[in-house]
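What you see is a predicted model, and the numbers here were worked out from it, not measured in a lab.
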Amino acid sequence: MTTDTSAAGARTMTLNMGPQHPSTHGVLRLVLELDGETVLRAQPQIGYLHTGIEKTAEAKTYSQAITLTDRVDYLCPLSNNLCFCLVAEKLLGLEIPPKAQWMRVMLAELTRLNSHLVWLGTHAIDIGAMSVFLYCFREREEILKIFEMASGQRMMTTYIRIGGLALAPPLGLFERVRKLMDIFPERIDEYERLLTRNPIWKERTQGIGRISLEDAIDLGMTGPVLRGCGLAWDIRKAQPYSGYEKFDFAIPTQTGGDVYSRYLVRVEEMRQSVRIIYQALDGMPEGPVTADAPHVVLPQREKMKTQMEALIYHFKIVTEGFRVPPGDVSVSIESPRGEMAYYVVSDGGPRPYRCFIRGPSFGNLQGLPKMIEGSLIADVIAALCSIDIVLGDVDR
Amino acid sequence: MGTPGKGVTQNRQPAMLSEQILSIPAVRALEERQPGVVTDANLHRGQLSIWVAPEQIVPICRFLKQEQTYQRLSSITAVDWFPVEPRFEVVYSLHSFERNHWLRVKCRMGGESPEIDSVTGVWRAANWYEREVFDLFGIRFRNHPDLSRIMMPDDWQGHPLRKNYPLSGPR
């Protein structure tokens with residue numbers, strides 16, 4: 001903490017918020033220049049969680065690199081898996097069977113619920129509403145158990161693979177998802193009862209962290225932030241991937257551009273996700289969950305014990321990977337936080353020549369100073385939560 | 001490791017643009033405004049990339065934003081084709097809501113310490129992306145308001161995403 005009395009007798013104070021501050025949701029450091037309690041200038045300092053995932057990916061085969069993508073945005077690992085696999089499949093020109101696509105949509109939406117629940121719980125706790133957190137994590141736990149049932153992992157799933165899925169869904173998975181979905185709308189009502197009309201919540205969020213649509217676009221913000229400014233833009237509708245065009249859902253928008261608008265958008269998104277998951281469950285096609293591409297997709301264990309070909313392919317994929325035709329492809333998907341894009345350049349070898357990750361949090365965080373400059377220091381926390389950053393996604 | 005520089009974007013003749021590529025509104029508008037400005041183009045798996053001269057990047061971006069509806073800068077990144085020269089390729093990913101289109105604009109640049117004009121005057125979003133490219137590739141952006149390292153510590157030596165930067169350090 002330093003005080004500066006230079007500028008024409010004005011007394012401003014520089015305050016470091018973070019990198020180890022409970023409300024920064026990771027290792028974000030905000031350098032705030034304060035005049036009393038008013039923020040004059042805010043400068044996010046990032047990079048504390050930079051792990052060089054893009055560099056590491058260059059040394060891994062495509063299949064190995066999927067495990068790195070889980071660790072980029074660790075609150076929505078399946079969205080990252082999906083985005084990377086879509087890019088690799090596009091480079092390879094692979095067709096994905098319908099059942100795998102439906103499963104991917106279902107899992108991506110469960111991931112969205114999972115991520116939004118963490119956001120809502122921590123958002124409320126930061127503003128002072130303790131109990132919402134406990135309710136949210138109750139349902140989140142159930143979603144993590146579903147992930148564990150499908151992939152064997154609660155968070156770092158690596159369940160979506162190039163060419164389809166790692167395993168066929170286990171028996172009882174769909175019943176379990178349906179059981180959760182049957183109670184989910186009620187549970188969302190419960191969170192809303194605690195917050196939506198709560199005068200303290202409204203006082204702390206309405207008109208706070210406001211940003212105009214023009215500024216938000218110009219600063220590279222995407223996802224619920226743009227929808228909270230009134231722009232009905234969702235990549236699931238604009239450029240459908242993985243069969244989203246076959247699902248019926250609405251794009252919730254609000255026009256306030258403040259913390260409260262973003263809250264309402266995300267809560268409504270949860271309801272829409274439930275709708276999508278029901279459609280995925282009801283229309284789940286029969287058939288295989290992996291593409292018919294033996295040089296890319298690992299063979300089934302059973303076949304390896306009886307077929308020489310399967311054993312050879314398994315050996316080749318595991319030891320040297322598969323070659324991907326040269327070219328560059330970028331795929332954007334709507335992650336819970338906004339536009340997530342993977343840009344992969346292939347030189348024809350078995351490893352990505354370059355793998356760039358456009359994390360939604362990176363773009364969104366860049367707009368934070370615009371939201372909070374001129375407001376009170378207590379509102380910094382509310383605004384920061386409302387853009388829902390994950391530092392793994394910012395720093396990569 | 002694959003052999004660096006064997007990719008499709010290299011070894012290409014500055015060929016005539018095909019009819020299919022010229023029929024894309026953004027390319028046609030750029031060519032009508034200034035013939036020959038698009039030095040190369042590529043339509044791969046339905047995705048359009050165009051190459052332009054690095055000196056022209058700011059006016060081209062401004063034109064694409066203001067007159068061709070590419071309102072949003074999705075990202076800026078780079079690719080290192082070491083040891084091929086020109087070694088670096090800066091990749092601008094632009095997006096138009098109106099046309100529902102993503103466009104990649106690329107600039108090739110050679111040498112140990114390449115420089116290009118900053119597009120922060122066109123989109124404020126460019127600020128952090130350019131810092132990232134500077135930090136990890138060592139490409140300098142002229143007229144950038146604060147060109148400092150963003151991911152690595154300020155006193156770091158070298159630029160990690162360059163292909164001649166080692167993958168693991170001394171243990």
Side-chain angles (χ1 to χ4, degrees), chain A residues 43-52 54-56 58-59 90-91 93 214-222 226 231 233 235 237-239 323-332 339 341 343 345-354 356-359 362-363 365-367 370 394-396, chain B residues 1-10 42-47 49 65 71-81 89 91 93 95 97 100-102 104 106 122-129 131-133 135-137 146 148-154 156 160-163 165-168:
Chain A
Q43 249 189 331
Q45 301 278 335
I46 61 170
Y48 292 92
L49 207 59
H50 180 63
T51 46
E54 293 176 10
K55 180 83 175 172
T56 314
E58 292 174 7
K90 199 160 193 155
L91 276 166
E214 291 69 38
D215 280 337
I217 293 174
D218 199 45
L219 285 160
M221 304 179 96
T222 48
L226 285 191
L231 183 73
W233 179 65
I235 302 172
K237 288 265 191 209
Q239 287 219 335
R323 295 191 170 270
V324 172
D328 59 340
V329 153
S330 164
V331 173
S332 295
E339 185 202 15
Y343 172 63
V345 181
S346 168
D347 64 344
R351 297 177 183 83
Y353 186 75
R354 168 93 175 96
F356 169 70
I357 304 162
R358 193 258 183 227
F362 187 82
L365 184 59
Q366 212 177 166
K370 182 78 198 165
V394 175
D395 293 342
R396 302 184 296 275
Chain B
M1 273 286 158
T3 323
K6 258 176 63 186
V8 276
T9 51
Q10 299 300 305
N42 178 8
L43 200 59
H44 182 65
R45 305 265 182 220
Q47 301 189 349
S49 302
K65 182 188 179 189
Q71 272 176 32
R72 194 171 72 86
L73 175 76
S74 175
S75 64
I76 301 174
T77 185
V79 182
D80 180 7
W81 289 103
E89 206 166 57
V91 184
S93 177
H95 173 237
F97 293 107
N100 192 18
H101 188 239
W102 274 265
R104 279 200 290 276
K106 301 182 180 180
V122 186
W123 297 278
R124 277 174 284 166
N127 188 328
W128 282 16
Y129 288 108
R131 280 178 65 188
E132 189 185 319
V133 172
D135 188 358
L136 304 179
F137 286 92
D146 169 31
S148 54
R149 287 191 183 268
I150 188 165
M151 294 296 176
M152 309 304 285
D154 288 336
W156 196 262
L161 278 180
R162 287 188 172 192
K163 283 285 176 182
Y165 188 94
L167 199 61
S168 56

Could you walk me through whether B:W102 and A:S332 pass side-chain contact (heavy atoms from CB on, under 4.5 Å), step by step?
CA-CA 9 Å; B:W102 274 265; A:S332 295; 3.7 Å; yes
Hey, does the side chain of A:K55 reach the backbone of B:P166 with a donor-acceptor pair shorter than 3.5 angstrom?
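No, A:K55 side chain to B:P166 backbone: no donor-acceptor pair under 3.5 Å.
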Can a donor-acceptor pair be found, under 3.5 Å and without considering hydrogens, that links the side chain of B:R45 to the backbone of A:V329?
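No; zero donor-acceptor contacts below 3.5 Å.
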Mind checking whether B:H95 and A:W233 have parallel, tilted or perpendicular rings, split at 30° and 60°?
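Aromatic pair B:H95/A:W233 classed tilted.
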Using the rule given for side-chain contact (heavy atoms from CB on, under 4.5 Å), can you reason through B:R104 versus A:S330, listing the C-alpha separation, both sets of side-chain angles and the distance that settles it, and then say yes or no?
CA-CA 9 Å; B:R104 279 200 290 276; A:S330 164; 3.3 Å; yes
Would A:V345 and B:W81 satisfy side-chain contact (heavy atoms from CB on, under 4.5 Å), going step by step from the backbone distance to the final call?
CA-CA 11 Å; A:V345 181; B:W81 289 103; 3.8 Å; yes
Do the non-hydrogen side-chain atoms of [X] and [Y] ever get within less than 4.5 Å of each other?
X	Y	value
B:N100	A:K237	no
A:Q366	B:R124	no
A:Y343	B:S93	no

Under 4.5 Å from any heavy atom of chain A - which part of [X]:
X	result
B:V91	side chain
B:D135	neither
B:R131	neither
B:S49	side chain

Does the pair B:L161 and A:E58 meet the rule for a side-chain contact (heavy atoms from CB on, under 4.5 Å), with working shown?
CA-CA 10 Å; B:L161 278 180; A:E58 292 174 7; 3.9 Å; yes
Give the member of A:P325, A:A238, A:G220 that has the highest number of heavy-atom pairs under 4.5 Å with chain B.
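Counting heavy-atom pairs under 4.5 Å, the top option is A:A238.
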In terms of heavy-atom pairs under 4.5 Å with chain B, which of A:D395, A:V394, A:T56, A:I217 leads?
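Between A:D395, A:V394, A:T56, A:I217, the count favours A:I217.
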With a 4.5 angstrom heavy-atom cut-off, could you sort out which part of [X] is near chain B: side chain, backbone, both or neither?
X	value
A:L226	side chain
A:E54	both
A:F362	both
A:L49	neither

What residue in [options] has the most heavy-atom pairs under 4.5 Å with chain A?
options	value
B:A78, B:A126, B:G46	B:A78
B:A125, B:P160, B:P153	B:A125
B:Q71, B:R149, B:M152, B:E132	B:E132
B:Y165, B:W123, B:W128	B:W128

Do you know the tightest heavy-atom contact between [X] and [Y]?
X	Y	result
B:R72	A:T222	NH1-CG2, 3.2 Å
B:D80	A:Y353	O-OH, 2.6 Å
A:R358	B:S74	NE-O, 2.8 Å
A:I46	B:M151	CD1-CE, 4.4 Å

Between CG on residue B:L136 and NE2 on residue A:H50, distance to nearest 0.5 Å:
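So the CG of B:L136 and the NE2 of A:H50 are separated by 5.0 Å.
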In terms of heavy-atom contacts, does NZ of B:K65 have more than 12 from other residues, nucleotides or ligands at under 6.0 Å?
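For B:K65, atom NZ is crowded (more than 12 foreign heavy atoms under 6.0 Å).
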Between B:E89 and A:R354, does any NZ, NE, NH1 or NH2 come within less than 4.0 Å of an OD or OE carboxylate oxygen?
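Between B:E89 and A:R354 there is no salt bridge, as every charged N stays at least 4.0 Å from the carboxylate O atoms.
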